[in-house]
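All values below come from the heavy atoms of this structure, side chains included, with hydrogens, waters and symmetry mates left out.
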Amino acid sequence: MMEPVSVDIDTTQQLPADPLPFARSYQLEALEQALKQNTIVFLETGSGKTLIATMLLRSYAHLLRKPSRFIAVFLVPEVFLVRQQAGVVRMHTDLNVGMYWGDMGIDFWHAATWKQEIDKHEVLVMTHQILLNGLRQGYFKLDLIKVLIFDECHHARGNHPYACIMTEFFHRELRSGHHDLPRIFGMTASLIKSKGASSESYYRQQISELENIMNSKVYTCASETVLAEFIPFPATEFLFYEPMKIPDGIYACLEEELGNLKEKHELLLKQLDLSESAAESVHNKISKVHSTLMVCSGELGVWLAFQAARFLSHRDTDSDFIAWGKVDVSGETIVKKFCWDASLVISNCFSAECCIGDNTGADVGAGLITAKVLCLIKTLLQYRDLKDIRCIVFVERVITAAVLESLLRELLPKHSSWKTKYIAGNNSGLQSQTRQMQNEIVEEFRKGMVNIIVATSILEEGLDVQSCNLVIRFDPPSSVSSFIQSRGRARMQNSEYLLMVKTEDSTTHSRLENYLSSGDIMRRESLHHSSTSCSAPQSELYEDEFYRVEGTGAVVTLSSSVSLINFYCSRLPSDGYFKPAPGFIIDKEKETCTLHLPKSSPIPNICVEGNIKNLKRKACLEACKQLHLIGALTDNLVPDVVEEEAAAQEIGNERYDDEQPIYLPPELASQGPRNLKTKYYCYLIELNQKFDYGVPVHDIVLVMRTELESDVLSSMGFELEVERGLLAVNLRYIGDIYLDQVPVLLCRRFQITLFEVLIHREVNKLEEVLKGLELGTGVVMDYFLLPAIRSRSQPSIDWAPISSVLFSYKNKDHFNCSSKGNAHVVHTKGGPVCTCVLRNSLVCTPHNGSVYYITGASEDLNGRSLLKLRDGSAITYKEHYAKYSIQLRFDQEPLLEGRHVFLVHNFLHRSRTHKEKESKKVRVDLPPELCDVILSPVSISTLYSYTFIPSIMHRLESLLIAVNLKKMHSDHCMQNVDIPAMKVLEAITTKKCQEKFHLESLETLGDSFLKYAASQQLFKLYQNHHEGLLSMKKEKIISNVALCRCGCDHKLPGFIRNETFDPKLWMVPGDKCGSDLLSEEPLSERRKIYVRGRRKVKGKTVADVVEALIGAYLSTGGEVLALFFMDWIGIKVDFMIVPYERHFQLQAEKFVNVRYLESLLNYSFRDPSLLVEALTHGSYMLPEIPSCYERLEFLGDAVLDYLITMHLYKEYPSMSPGLLTDLRSASVNNDCYAQSAVKADLHKHILHNSQDLHKQIVETAEIFQKSSLGSTFGWESETSFPKVLGDVIESLAGAILVDSGYNKEIVFQSIRPLLEPLITPATVRLHPARELSELCQKQHFDYKKSVVPCNGRNASVTIVVGANGVIFKHTATAANKKTAKKLASKEVLKSLKESTFASSSTPSKID
């Protein structure tokens, strides 16, 4: 004997009660008992049991409030009760309440997720299975639960989760001497669940068993009179109806005709080419429908049987009751047709003009309804004057609920305004309503919008509708608890509870009479034995054999082992032709059981012997042990793939900050001060004009403090697309020079002046910018761009134009030039100056902020000369300026001949087609007095040449960024890693930069290598892991999130170029305004870089760059360099050869034609069992072949992708960026491989045991043979091929790779002939869906797509394009969504091209 346990608290200090002020006396009594010991509160429905539970939680609140590690758990048997009970707890406590039910995906939560929930919440309200699973998996510990509440605790019997929680955990802990166990609090309106018995000893036994399992004592009131003060008890009455069935002749006729109809459809079934399981499923459905219709006919009447048949035949309505399961579309059609034909047969039993309910007596006589249905109708009509009726009619079957609703909907409106609906739960073979639909109906019932609900037992428990005033049991309750629970739904004062019983059915009447007295008996027995201590439950309940993981406390018992094995199998890889499931072979004579697990399991079979009764469970328990020991079940005893999924989701939820730095290479910046002479390196930027233009270009000298590497110099040979043609650029070293402060400041002044004028035209701010030119202490862009003097021997800096920045009006040297031609003094904005100084000068006109280049002075024009206007009239220049309030004072001085200054563009833009049009009026005549000299003298060639410099320097800056990234990697690499800077630059340049190169080809190449490297590593490392788990692990390595994290950890985002170059944002060297933004950032202990701002970089862009850099190292240095880079970035893989462990011997020739297949593949296998494995589908369950092709397919998929991508990259080195991606996607896909497999007759050698797969392979092979396709690549096929066909090409590649010792060249030599002819840039075509999408974007057409799944297999896609008011629409149906979308796109494209809306130049071929 044992007493109910107390919680582990200081016993000298009684836990204080925290009652609510409105609590009733019996509620306070119950609370007092619950605080002292584990308690089951047995009180009527509506008596406020949840309130007692809430007060108990309030009393424990100080132990639960965070940061306490303890929690309370509130268990409920139904999902809809989670919200209801959580709402009560929230209303009456300040505790933090969490809610949990199965649809939240809780089955796939792991320890970390549950820890977060437990750390966050103080009360967890959940369905019972969730806690049981959590305890079994070690996510919950009983010693952390202070209060454990069981709602409707009478369920705690047998293998119910309530009983399992207590027997597997609570009692086991109790027997081990642990006393830090939760306070148990149960709530029920009925202590027994069974049908009951007249014997009081039976009740005593049942109550005692419940108390023992719950380790609790029952609290109840002494009599109903105590409760009657507070809650209404419905008046219970019996409604007797005559046992009148439908006329025997009608029933016999129906039975015969429906039987014949059933046989007819079963014959049709045999003619279908269905698998054995699918045929059996259809047969069962027909039998189920037939049985249902006969029951409806006998118990409800012919009219209601007709309604049932109609319900079951309507597939596209809310009344789609049949859960189709394995039934395919042809089988579904047969079942539907049977239902429809049955409705026609039944309709022959009554007149078409029949109107049910007009004469109910006659309806009974004609067999349209039965006496039982008539009794219900008459009873309801007795209440027709009651407007606000809320009635629940309880029935046993789902179909009964549906057809009674149909009847009442038709009949009741003739007599009242009542509205009827039905609610039904699960039923074998019949589909349940959605939970949302049920909740909506209950809410309408509460609000009075629905008056009558016809319901199955789903509404018996927990539904709280205070205004329910009538409950009718159309079918009698099946147990005491069902009786009490359904009676408890009548919650209103003066409500009624009516039990319908057949007149002659004394057995049912007697049983219901016993139910009526059961409440008093249970109350009496509970009170009588209240002082008796609890006993331990029956030993078999908790002495179940079990396996426990010590580290986590996770446990699996004989009872739970079968469900765990089923769950494990359900998480193994599957396809449309095979669902992994355990298989059992039991030898009763030898008392042995062999458990066969699916081929993707690392353990093929388990054999046990023992008691025949427990053999199946014993085999499963042993399998659980072995799966855990091998790692296929984690330490929490969940399938390994579940933990991988949870980890992947966690990685996916990691936050990424897209605000990233923009790096500036340290070679272009330095920190002052420098008063001494400093060494500078000089590089000649050679400009070669490849077009005719009146203004020539000249070379520029780049002067910088850092010596450039030869790699950079060689990469600086390129061409710019300028307005009039191509400009060739080259960079070469020409020597060094030492400069002190004076020339440094002069050079800075010159280039700042020139670039500010050319780029920004900001003359007004120029003076302010030049003021801060003194050498400071901060970081500054420290290089110079100076005009060059061309020389055959040695080019040098041309200091003359640099000195133009020193121009001064105070210089008197030019005031006596009158003897030299036409030179003479004129007045400018800044003062008098000789015209010879103005020739070849750069001036600004402050009145309009413009800048002009002056070519000379016009002797025949002055301020009094006429200026022709656009309208043909003419006025003097003086009059013209006067209109703008500008008075010319020196109107007799010659006008200056000027021209507009050249514009600075982004000349790196890849599609630069804009041709700069020179103004028709190239010459501009300017009054000298409006001009202010900026530079003098300076040549027009200098100005023109300098317009290209920002673009050239942007390329150099980008190359130096690439060099710094390369060096950063080299610093951490022991080996000598050399890769062209240009290749690194290509890898860090995105398409958004719109230059002639970008990362897409390298990204595609790197992606394929990364996928292969990761796949082969995982394949070798985890030889017991199935394909699903390997794929999850691979995803953790190669996913965008993982790659982005690696890139960020190594500061890659700052190196990425993801913006089009804008010359206006270019930092002019020496300009302090721009340099103020620079900050230093360390890249490593020995290397730094500068940050010049921040911009947004998407996480996917970072991932793309990581892949592109892998591609860059791979394409220039091979796999070794690529692996070095991957190792540095944080992707740890190697190409070490690891033996593929094979734990079985196999005579391959018994299963496949080895000689033929080796001839086909042009490869001889050292281990032919690999060939068998590569051709074995998961459905082929022969124990001699323990593995299927999935693992080899995983490996082969990666190696083929890599081999084909690398082949295309090498074969077509000059292809444009992005084309490699198109070539790869058009040739590396399952449909292409599948066609290759059929072409080579490989489909005839696949080992499988699926009738559906066989049927589809035969169909697609026939279609392929009839097609005229010359190649297997591209998108021309209009058929979707079974994935299995493509899989075997990949699995064969994987088998050859393993067998050949990972020799990829051998793989390509073997598989390539099967794929010939390979795709080329000349043969590739755009995917129709992509072509249509691009066309719609280009032409601004309206594009819409909708997808409708037709049935379990097919999908229908409709594409609608609106082009200038005309609609183009096509719907295609295919075996999958992708094929349907392709076909629909193809047809819409065809229609568009035939119309005038799509440009005829839109190509489907990729340029």
Side-chain angles (χ1 to χ4, degrees), residues 1-7 24-53 55-56 75 77 147-157 160 162-163 165-167 170-171 174 181-194 196-197 199-227 230-231 461 479-481 483-485 488 515 517-538 541:
M1 304 286 281
M2 59 182 177
E3 294 288 346
V5 298
S6 299
V7 290
R24 300 162 186 167
S25 56
Y26 64 85
Q27 291 172 327
L28 295 174
E29 282 179 12
L31 174 62
E32 188 180 350
Q33 178 174 320
L35 287 169
K36 293 176 182 175
Q37 64 179 25
N38 293 341
T39 300
I40 296 170
V41 171
F42 163 47
L43 294 170
E44 283 290 330
T45 301
S47 58
K49 296 186 287 295
T50 305
L51 206 63
I52 304 169
M55 291 191 291
L56 182 63
L75 299 178
V147 185
L148 183 52
I149 299 167
F150 294 79
D151 193 8
E152 312 292 358
C153 69
H154 55 270
H155 290 295
R157 314 269 180 183
H160 188 275
Y162 280 174
I165 288 166
M166 293 303 296
T167 56
F170 187 95
H171 286 288
L174 195 59
L181 296 171
R183 166 69 73 236
I184 302 297
F185 184 79
M187 304 187 294
T188 185
S190 170
L191 292 169
I192 69 171
K193 194 181 176 185
S194 62
S199 163
E200 292 190 3
S201 61
Y202 174 80
Y203 281 91
R204 189 181 312 131
Q205 178 196 340
Q206 292 288 303
I207 294 167
S208 176
E209 285 179 7
L210 180 63
E211 285 183 327
N212 292 341
I213 286 177
M214 294 294 294
N215 189 244
S216 305
K217 293 305 292 181
V218 172
Y219 166 83
T220 189
C221 291
S223 70
E224 278 189 3
T225 54
V226 178
L227 296 174
F230 304 101
I231 62 171
E461 289 188 344
S479 65
V480 173
S481 59
F483 169 83
I484 292 172
Q485 296 281 13
Y515 289 174
S517 60
S518 62
D520 287 334
I521 298 172
M522 286 188 285
R523 194 174 296 107
R524 193 164 56 247
E525 288 299 320
S526 300
L527 292 168
H528 186 63
H529 294 92
S530 59
S531 58
T532 309
S533 298
C534 293
S535 303
Q538 297 170 10
L541 291 176

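No side-chain heavy atom of L181 sits less than 4.5 Å from a side-chain heavy atom of N215. Between I52 and T39, every side-chain heavy-atom pair lies at or beyond the 4.5 Å cut-off. In this structure the side chain of R157 reaches within 4.5 angstrom of the side chain of I192, judged on heavy atoms.
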Worked verdict on L191 versus R523 for side chain to side chain contact (heavy atoms under 4.5 Å, CB included): CA-CA 9 Å; L191 292 169; R523 194 174 296 107; over 6 Å; no
Stepwise side chain to side chain contact (heavy atoms under 4.5 Å, CB included) test for V480 and Q206: CA-CA 12 Å; V480 173; Q206 292 288 303; over 6 Å; no
Salt bridge (Lys or Arg N to Asp or Glu O under 4.0 Å) between E200 and R204, worked out: CA-CA 6 Å; E200 292 190 3; R204 189 181 312 131; 5.3 Å; no
Verdict with reasoning, N38 to F170, per side chain to side chain contact (heavy atoms under 4.5 Å, CB included): CA-CA 12 Å; N38 293 341; F170 187 95; 3.8 Å; yes
Working for side chain to side chain contact (heavy atoms under 4.5 Å, CB included), residues I207 and H529: CA-CA 10 Å; I207 294 167; H529 294 92; over 6 Å; no
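Note that CZ of R24 is 10.5 Å distant from SG of C221, once rounded to the nearest 0.5 Å. Residue S518 holds its OG atom at 12.5 Å from CD of E525, rounded to the nearest 0.5 Å. With values rounded to the nearest 0.5 angstrom, I213 atom CD1 is found 10.5 Å from F150 atom CZ. Rounded to the nearest 0.5 angstrom, S533 OG and K217 NZ are separated by 7.0 Å. We find the CD-NZ distance between E152 and K193 to be 10.5 Å, quoted to the nearest 0.5 Å. Annotation: the span from T167 atom OG1 to Y162 atom OH amounts to 14.5 Å, rounded to 0.5 Å.
Proximity of a side-chain donor or acceptor of Y219 to a complementary backbone N or O of Y26 within less than 3.5 Å is detected. A donor-acceptor pair is defined here as one N or O able to donate and one able to accept, closer than 3.5 Å; such a pair exists between the side chain of K49 and the backbone of L43. The closest donor-acceptor contact from the side chain of E211 to the backbone of V218 lies under 3.5 Å.
Between C534 and S216 the shortest heavy-atom distance is SG-O, 3.4 Å. Between S190 and M522, the closest heavy-atom pair is OG-CE, 4.0 Å. Residues L56 and R183 share a closest heavy-atom pair of CD2-CG, 4.3 Å. Nearest heavy-atom pair, P77 versus D151, reported as atom, atom and distance to 0.1 Å: CD-O, 3.6 Å. For T45 against G488, the heavy-atom pair with the smallest separation is CG2-O, 3.4 Å. Considering every non-hydrogen atom in both M214 and G186, the closest pair reads CE-CA, 4.4 Å.
Side chains of E209 and Q205: a donor on one and an acceptor on the other come within 3.5 Å.
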